[in-house]
Amino acid sequence: MRDWPRDDLPEVAFAGRSNAGKSSAINRIAGSTALARVSKTPGRTQLINFFESNEGRLVDLPGFGYAKASRRRQVEWQDAVNRYLVRRENLVGVVLIMDSRHPLQPFDVDMIRWSNQRQVRLVVLLSKSDKLKQGERSVCLRNVNDALSNCDNSVTVMFSSLKGTGVDEARQSIRAMWHHAGHTDQ
């Protein structure tokens, strides 16, 4: 925590399971090929990484679940993530990356519940949507929107880092969170 930036720049955190495509999504949204480290091995993000822009900051949180690391190391990552989410005053929103082929895993449901309880704005990116047929995308979107029915400050986006699906909508949602940060009705 002592190394986290000390300013009032609004932050949007990216959270998700280790194999959901979080780093690829960050790179695609940022318009970069190498901002966040992408690997075929899940769990490469092992630190909380801060990426600054003119409007705000993107925060890449370590993934949850599938990482090939010791249980002790995974617990350390999750402890750091929990400290960030609970204590970070700069946090104005969360982008939750869910693999559209396997949405609403326990971690995803916990993040939705947490965001709703804390009234933190939430953007759910249903990643790897290019791997689903149209009917499967519709079912996935309906199921996730049903799970978000009690969340007033949430947006769901079908997303593909590979095809670029949902990139503009994700960028707009992130900018809206950054810009809304200065208002009291957050």
Side-chain angles (χ1 to χ4, degrees), residues 11-46 48-53 55-68 81 92-112 114-116 120-149 151 153-180:
E11 296 174 353
V12 173
F14 281 69
R17 291 181 51 79
S18 298
N19 57 346
K22 196 165 37 71
S23 296
S24 296
I26 290 171
N27 286 339
R28 187 65 187 236
I29 290 166
S32 171
T33 56
L35 186 63
R37 185 174 171 191
V38 177
S39 173
K40 291 188 184 288
T41 305
R44 289 296 183 196
T45 303
Q46 299 182 9
I48 296 175
N49 295 297
F50 296 85
F51 304 108
E52 199 166 308
S53 79
E55 299 171 87
R57 192 177 286 124
L58 301 178
V59 181
D60 186 9
L61 301 175
F64 182 86
Y66 189 71
K68 291 186 178 179
V81 168
V92 298
V94 172
V95 176
L96 176 59
I97 312 288
M98 284 186 218
D99 185 328
S100 61
R101 300 166 301 173
H102 312 287
L104 301 170
Q105 297 296 310
F107 171 81
D108 304 325
V109 174
D110 288 346
M111 281 303 302
I112 291 168
W114 178 88
S115 296
N116 195 33
V120 172
R121 295 179 174 277
L122 178 67
V123 175
V124 175
L125 293 188
L126 296 168
S127 67
K128 305 178 185 184
S129 66
D130 56 291
K131 298 180 184 284
L132 296 179
K133 295 178 181 167
Q134 180 58 40
E136 293 170 321
R137 284 194 294 270
S138 296
V139 169
C140 175
L141 191 58
R142 182 174 44 249
N143 290 341
V144 171
N145 283 334
D146 286 349
L148 292 168
S149 63
C151 297
N153 294 319
S154 66
V155 175
T156 309
V157 179
M158 292 306 289
F159 190 84
S160 170
S161 296
L162 182 64
K163 304 283 185 181
T165 306
V167 172
D168 289 337
E169 190 175 352
R171 286 178 182 152
Q172 290 170 1
S173 296
I174 291 167
R175 283 190 182 110
M177 288 189 281
W178 282 337
H179 292 181
H180 194 347

Rounded to the nearest 0.5 Å, what separation is found between the [atom1] atom of [X] and the [atom2] atom of [Y]?
X	Y	atom1	atom2	result
Leu104	Met98	CG	CE	5.0 Å
Ile97	Ile26	CD1	CD1	7.0 Å
Gln105	Met111	CD	CE	15.0 Å
Arg121	His180	CZ	NE2	3.5 Å
Ser154	Leu148	OG	CG	4.5 Å
Phe107	Ile112	CZ	CD1	10.5 Å

Could you check whether any side-chain heavy atom of [X] comes within less than 4.5 Å of a side-chain heavy atom of [Y], counting everything from C-beta outward?
X	Y	answer
Ile174	Ile29	yes
Leu96	Leu125	no
Asp60	Ile48	no

_What I want to find out is whether Lys128 reaches Asp99 closely enough, with some N-O distance under 4.0 Å, to be called a salt bridge._
yes
*asked:* Pairing donors with acceptors under 3.5 angstrom, does anything connect the side chains of Arg175 and Gln172?
replied: no
*Say whether Asn145 and Thr156, considering side chains only, have a donor N or O and an acceptor N or O under 3.5 Å apart.*
yes
Between the main-chain N or O of [Y] and the side-chain N or O of [X], is there a donor-acceptor pair closer than 3.5 Å?
X	Y	value
Ser160	Thr165	no
Ser24	Ser161	no
Arg57	Phe50	no
Ser100	Ser127	yes
Ser149	Asp146	yes
Glu136	Lys133	yes

